Amino acid sequence: MKNLLRSACWTLLAAMGMWAVRSHAADLLPDSLREPFRPDEHTVALYHFDEGQGAQTRDAMGDPALTLRAHKDFLWGKRPGFGSTAQFEVREDDANLLIGPVNNDKLELRTCERAWTVEAWVRYRGFALTDIQLDHPATYRPRGSGTSGPFAKICGTDDEGFGLTHGVRGGWDFSLHSWLEIWPLKPGLLPASRFTGSQKRAPDSDVLVYPGRRRADYGTVMHEAAIQDEEWHHVAWQFRYEDQTHYFFLDGKLIWKGTPPRRVKNDAEQNDIPFVVGGILNSREPPYHLKTYDFEGEIDELRISSVMRYPVAQELTVVERLVPEAGLHAPYEATFSTDAAEGAVRWDLAGELPEGLRFDERQGTIEGTPTEPAQERAFTLRATDAAGHSDEHTFALTVSEGEVTTSSLPLAFRRIPYREVLQTRHMVEPVRWRTTQGTLPAGISLNRESGELSGTATTPELQNFQLEATDAAGQTASRAFRLKVVDEGLRRLGPDKHTVALWDWQGPSGRFIPDVMGDSELTLTWVNSKGDTRVETPGWGRYPHFIGGGEGGFIGPEWNDKVDLKTIEKEWTVEAWVRPGGPINKYGQEFHYGHVCGTYDNTERGVWELYLSDRGSPDGSLTPGVHFLGAEPEQALKDLHPYSRPAGIAADPEWVGIRDTAWHHVAWQYSYEEDLHQLFLDGTLIWEMKSPDGRRLVNNRRHIAQFSVGSRLAGRARYGGKFNWLGPGNFFGMIGEIRISQIRRY
C-alpha cells in the first residue's frame, strides 16, 4: 500500500510538471562509472560484493585482512550489469552490518599519504513520502530528516561516539546526510564525511565536512544536486593533503568543495572501532539502537584509492595550498602545483620573495636559505599550460626566527632522577645551550650540547632561571623557566588504611574506572560515549584528557556517603594531580575555572567541589579552591580560594599559583575539631582559614547530584545526559590520581 501511494504521488507530481519520476543521472555518467571498478596501482581496497551468497565479502585486491563479515545476516541484492550487491535493513540488532578489521592501516587511510578517494554506488531506500504541498514539490524526504536530520553511514571507522563500548575512538566515516539548508527547494541526501585524528588534539582533530550545512561557509557549491529518489547513484569523497580541500561528487559531477578550518592530520596511533559498512555497530552498554545512523537500501562497488580519481577543475587551476613556514638560515623548499593542466606548465612570479630564496619557473618551486625574517610576505604565482590556459593565485610566506618551544618544566621530586629535554623550532643544528639568568635547583644540571636538564634534586625548592639556545647559524633564542622541587612522597597517591576512595585511571578500560579500594559503587564511567581519552604521560601512566567541552568527563554515584564525605567523622584530605591545558581550551574558550571533582554541579544541588580557578589572580595563575554546601542557605561555604579570600594566603605568592601546563598536586584538608580548611599546592600549604564567614562546616545535605570528574554537570548525566556542553566550569587539561582520605595527610 505504501509503495502504491508513493508511486501515485510521484506520477501526480510528474504530470503537473513539478518533478521527474526517474533520475536521468545515469545518462550523464562518465564512461568510467558505467561498469564495475577496475583495480589499479592506486587502489587501496575494493569490494565488488560479487559473492552473492554466504556471510562475507572479500577485498578484490586480495588482502585477506580486509574481509568483511556480516554482523549476523548478510542480505544480498542484484543489480543489472554489476552483479550482486550488499543490502541493508535498519534493525535493532544491527544484523546486516558488514564488519571489518580494527585499526587496519589501509582502512584507516594511513597508506593514503597524499590524497584519497572513497567512493561507492548506493541505492538508498529510507525515503518517506511527506504531505504533498503544491507550492513546494520537494515532498519526498529521507525518513526523520530536517535541517539537521539523521544520516545514513556508507562506510568508515568512526561511530559518532555511540558504538564503542571500550577503547579509543577515532577514524572516519563517509555517509549520506539530509541537510536542507543550502538546497531547501530540493531536499534529499548529500554525501558528507568526518575525520578524527589523535585524541591528544581533540577536537582540533575532528574535521566534519557536511556540505549541506549553512555553517559550513568554508565551502563552495559547484553544482546544485542531491539524491531524491530510490535509484542507484554514485557518490565520492576526495581529499588532498596539499591544500586540505575536500571534494564531493554525485553521479560523476563535482557538487561541493571546501577547506575546513581544522586540518586533517592522520596521526592517531590507535582506533578501536572496526571498519563497518552500512551503519554503526551500536553499543549494548546501554542499548542505544539509534537506527537513524544505519543505511537502508543497497551498497555496491565500494573503493578506497590513494589518489583523487575525479577531476576537480575543468581547465588549468593553481592549487591554493598553505605555504609551509620557513626558518631563518635553514634550507627551504616548497613546490606548487596545478589541476587540469594540458601539457607542460610554465610559472611566473610577481612580487618579492624573502632574501635568500629563489623561484624555479620550470618546476614551480621556491628553494634556498632565507637570510631575513618575513611575516606573511605576499607574492603571486601565475601558471600557463601548453594549451594557453592560465590561472594565478596570491600566496603568503613567513620566515620565522628560531625559538625555544618548551614552555614549562615538569616538577622534580627530591631523590628521584629527573630528565627533561628542551625543544626548539627553526634552529639550525647543532644547537648549544647556556644559563643566562638565575640558577638551577641543587642536583640538576644542563647539558650544553643536548639541551637536557637532568640529575637528582636534593632539596624542595623553587628556582627561576633563563636558558638561551644558539644555533649553527648564530641566531639565539631564550626562554624563562621555573623548576619546582617537591617531596618524593607526592609522586604516587597510593592506598592505605586511611584511604576512603582512590581512582588511579590505570587498567585495561578507559570506560569503567574502578575505585582502587574495591567499592564497586564508586566506579566512574563516561559522561558521554567519547571513548578512552587517556593519554600516556611517560613514567607516570595513562590519564584522561579533558578538552573543555564537558562531554568527556566522568561520573560516579548519587547519594553515596563516601563521596559525600559523610563517612569521615574527624578530618579529611581530598587531593588530586592536575595538569592545566593552557589559557584557551580546545573549543576556543578562555579557561578560567575547572571542576576537578566533587558532587557540586551547575545546578548547585550537590555538596562539594574541588576546583582550579584564576579569578581574582594578580598574574593569571590558577590555584585550587573549594565550594561546600549544607542543607540551609546560611550553611553555604563558597569561594574558599586564595584569590577570593587573600587573607588566608599562607605562603610566598610564588608558591600559590600554577603558571604553566605541567603536572601539579592539589589538596584540600579539613578538621572538624578546629573547623579549619587548608589548601596545598605541590605539598606546600598555600591557604588556610577557620570558620569562613563565621560558618562551621555542616555536612547535612541530601541531594540528587552525581559525583563527577572533569565535567561540571548540568543535571544527571550517564552515557550522554546533561553533561553541560561548552558550559561553565568544565576542566581543560588532564587529571591524575584522586584520593579521599579520613586523615589530614599534609
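All values below come from the heavy atoms of this structure, side chains included, with hydrogens, waters and symmetry mates left out. Just so you know, these numbers come straight off a predicted model, no measurement behind them.
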Kindly give the heavy-atom pair with the smallest separation between P642 and V656, and that separation in Å.
-> CB-CG1, 4.0 Å
Under 3.5 Å side-chain donor-acceptor pair for S617 and D619 | yes
Verify whether the ring centers belonging to W668 and Y746 lie closer than 6.0 Å.
-> no
Least distance between heavy atoms, K586 atom then P203 atom = CB-CD, 2.9 Å
S175 and Y293: side chain donor to acceptor below 3.5 Å | no
Report yes or no: does K265 contribute a side-chain atom to a donor-acceptor pair with the main-chain N or O of D204 at less than 3.5 Å?
-> no
Are R739 and W577 in a cation-pi setup, meaning NZ or CZ lies under 6.0 angstrom from the ring centre and within 45 degrees of the ring axis?
-> no
Look at the side chain of S198 and the backbone N and O of D267, then say whether any donor-acceptor pair between them is shorter than 3.5 Å.
-> no
Indicate the ring-plane relationship of W559 and H703, choosing parallel, tilted or perpendicular according to the 30° and 60° boundaries.
-> parallel
The reported gap from OG1 in T157 to CH2 in W172 (rounded to nearest 0.5 angstrom) is 6.5 Å
Do R262 side-chain atoms and D206 backbone N/O form a donor-acceptor pair below 3.5 Å?
-> yes
In terms of side-chain heavy atoms, does Y670 have a donor or acceptor partner in D675 at a distance below 3.5 Å?
-> yes
Calculate, to the nearest 0.5 Å, the distance between atoms CG and CZ belonging to D614 and R659 respectively.
-> 11.5 Å
Are any side-chain N or O atoms of D515 and backbone N or O atoms of A501, one a donor and one an acceptor, separated by less than 3.5 Å?
-> no
Can you tell me if W503 uses its side chain to pair, donor with acceptor, with the backbone of I738 under 3.5 Å?
-> no
Do F512 and H166 make the cut of ring centroids closer than 6.0 angstrom?
-> yes
Kindly determine whether Q199 and H545 satisfy side chain to side chain donor-acceptor pair (under 3.5 Å), including the steps that lead there.
-> CA-CA 8 Å; Q199 288 279 358; H545 181 215; over 6 Å; no
